[in-house]
Amino acid sequence: MATNSEIKIEGSRLFSNEDILAVNQKLLDSIASGNFEVYKELCADDMTCLEPESCGHVVQGLGFHKYYFELGAKMPKAIGAPDMTNNITMSNPHIRWLGTDAVVLSYTRLDQVLGGDFKPLTKTTGETRVWEIRNGALVHVHFHKS
């Protein structure tokens with residue numbers, strides 16, 4: 001059973017768990033579609049991350065990620081490839097609030113892509129993303145991908 005302090009914290013949040021899942025899916029959709037403008041809109045300029053692409057280093061800022069968005073936009077479409085975008089799904093999400101102004105979201109990320117032979121392929125990774133409420137908006141401030 002919840003204590004009085006837990007009820008008070010729950011009642012004073014600006015965003016629901018459903019809001020967290022929705023904004024995170026919007027972020028994942030921007031990644032899948034290569035839309036850096038939406039990605040940048042959702043992320044803090046000083047966002048940090050640890051991911052396989054950073055080779056074990058903590059990366060700060062958006063420049064590292066912008067490179068991959070721009071690279072994807074420059075890649076020629078393979079001859080005969082169907083006109084499809086990637087799809088990213090969160091499986092088994094877990095939400096942990098840190099007070100009333102930050103939340104940790106962990107899940108298994110399922111990336112559905114077309115392989116080199118144009119056959120569907122699903123890749124899985126573990127992701128943890130930290131969202132912070134800044135000036136009344138959810139802002140993505142950190143993630144870890146493994």
Side-chain angles (χ1 to χ4, degrees), residues 2-3 5-6 9-78 81-146:
T3 67
S5 62
E6 289 171 334
I9 289 171
E10 180 73 30
S12 63
R13 289 186 189 143
L14 293 175
F15 297 95
S16 68
N17 288 350
E18 292 76 20
D19 294 330
I20 302 301
L21 293 173
V23 74
N24 198 74
Q25 188 62 55
K26 183 177 179 179
L27 179 83
L28 295 175
D29 291 345
S30 75
I31 294 167
S33 66
N35 189 334
F36 184 72
E37 290 306 309
V38 171
Y39 184 83
K40 183 172 74 171
E41 183 182 294
L42 296 171
C43 296
D45 291 336
D46 61 347
M47 177 181 74
T48 55
C49 74
L50 284 162
E51 60 180 325
E53 294 85 349
S54 68
C55 301
H57 296 272
V58 175
V59 173
Q60 184 173 2
L62 297 176
F64 183 81
H65 301 103
K66 185 177 182 184
Y67 168 82
Y68 287 101
F69 278 89
E70 290 176 348
L71 181 65
K74 292 177 184 176
M75 298 294 284
K77 183 179 170 187
D83 190 19
M84 294 179 63
T85 58
N86 298 340
N87 185 56
I88 303 175
T89 304
M90 290 179 280
S91 176
N92 199 28
H94 178 265
I95 295 173
R96 177 177 303 276
W97 281 90
L98 306 175
T100 58
D101 61 354
V103 64
V104 175
L105 171 61
S106 302
Y107 53 90
T108 300
R109 175 174 157 170
L110 306 174
D111 284 73
Q112 294 170 285
V113 299
L114 286 180
D117 56 1
F118 307 125
K119 292 184 180 175
L121 173 68
T122 302
K123 301 176 186 178
T124 62
T125 53
E127 276 192 351
T128 299
R129 294 189 181 266
V130 180
W131 291 86
E132 184 178 359
I133 299 172
R134 293 184 181 176
N135 300 319
L138 285 165
V139 180
H140 183 227
V141 296
H142 178 80
F143 74 95
H144 181 100
K145 181 169 66 170
S146 56

Check against side-chain contact (heavy atoms from CB on, under 4.5 Å), Lys26 and Leu138 = CA-CA 12 Å; Lys26 183 177 179 179; Leu138 285 165; over 6 Å; no

task = Check Lys145, His65, His144 against Cys49 for a side-chain contact (heavy atoms from CB on, under 4.5 Å) and give me the one that passes.
result =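 Testing Cys49 for a side-chain contact (heavy atoms from CB on, under 4.5 Å) against Lys145, His65, His144 leaves exactly one candidate, His65.
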
All side chain to side chain donor-acceptor pair (under 3.5 Å) counterparts of [X], not counting sequence neighbours:
X	value
Ser54	none
Thr48	His142
Asp101	none
Arg96	none

To the nearest 0.5 Å, how far apart are [atom1] in [X] and [atom2] in [Y]?
X	Y	atom1	atom2	value
Leu110	Gln112	CG	CD	7.0 Å
Trp131	Asn24	CH2	CG	5.5 Å
Asn87	Asp29	CG	CG	7.5 Å
Phe15	Ile133	CZ	CD1	5.5 Å
Phe143	Glu127	CZ	CD	7.0 Å
Asp19	Arg13	CG	CZ	11.5 Å

Which atom names give the shortest non-hydrogen contact between [X] and [Y], and what distance separates them?
X	Y	answer
Leu105	Pro93	CD1-CB, 3.9 Å
His140	Val130	CD2-O, 3.5 Å
Leu21	Met90	O-CE, 3.4 Å
Ile88	Leu28	CD1-O, 3.4 Å
Ser106	Thr128	OG-OG1, 3.2 Å

Pairs under 3.5 angstrom only: tabulate donor-acceptor contacts from the side chains of residues 34-44 to other protein residues two or more places apart or in another chain.
{"unit_1": "Asn35", "atom_1": "OD1", "unit_2": "Glu37", "atom_2": "N", "d": "3.2"}
{"unit_1": "Asn35", "atom_1": "OD1", "unit_2": "Val38", "atom_2": "N", "d": "3.1"}

Side-chain (Gln25) to main-chain (Thr89) donor-acceptor, under 3.5 angstrom =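 It does not hold such a pair.
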
inquiry  = Which residues pass the salt bridge (charged side-chain N to carboxylate O under 4.0 Å, His left out) test with Asp46, not counting sequence neighbours?
reply    =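 For Asp46, the residues satisfying salt bridge (charged side-chain N to carboxylate O under 4.0 Å, His left out) (neighbours in sequence not counted) are Arg134.
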
With the side chain counted from C-beta on, respond yes when [X] and [Y] share a heavy-atom pair under 4.5 Å apart, and no when they do not.
X	Y	answer
Thr108	Thr124	yes
Leu98	Val104	yes
Leu27	Arg129	yes

request  = Could you label the plane-to-plane angle of the Phe64 and Tyr68 rings as parallel, tilted or perpendicular, counting under 30° as parallel and over 60° as perpendicular?
outcome  =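 Because their plane-to-plane angle is over 60°, the rings of Phe64 and Tyr68 count as perpendicular.
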
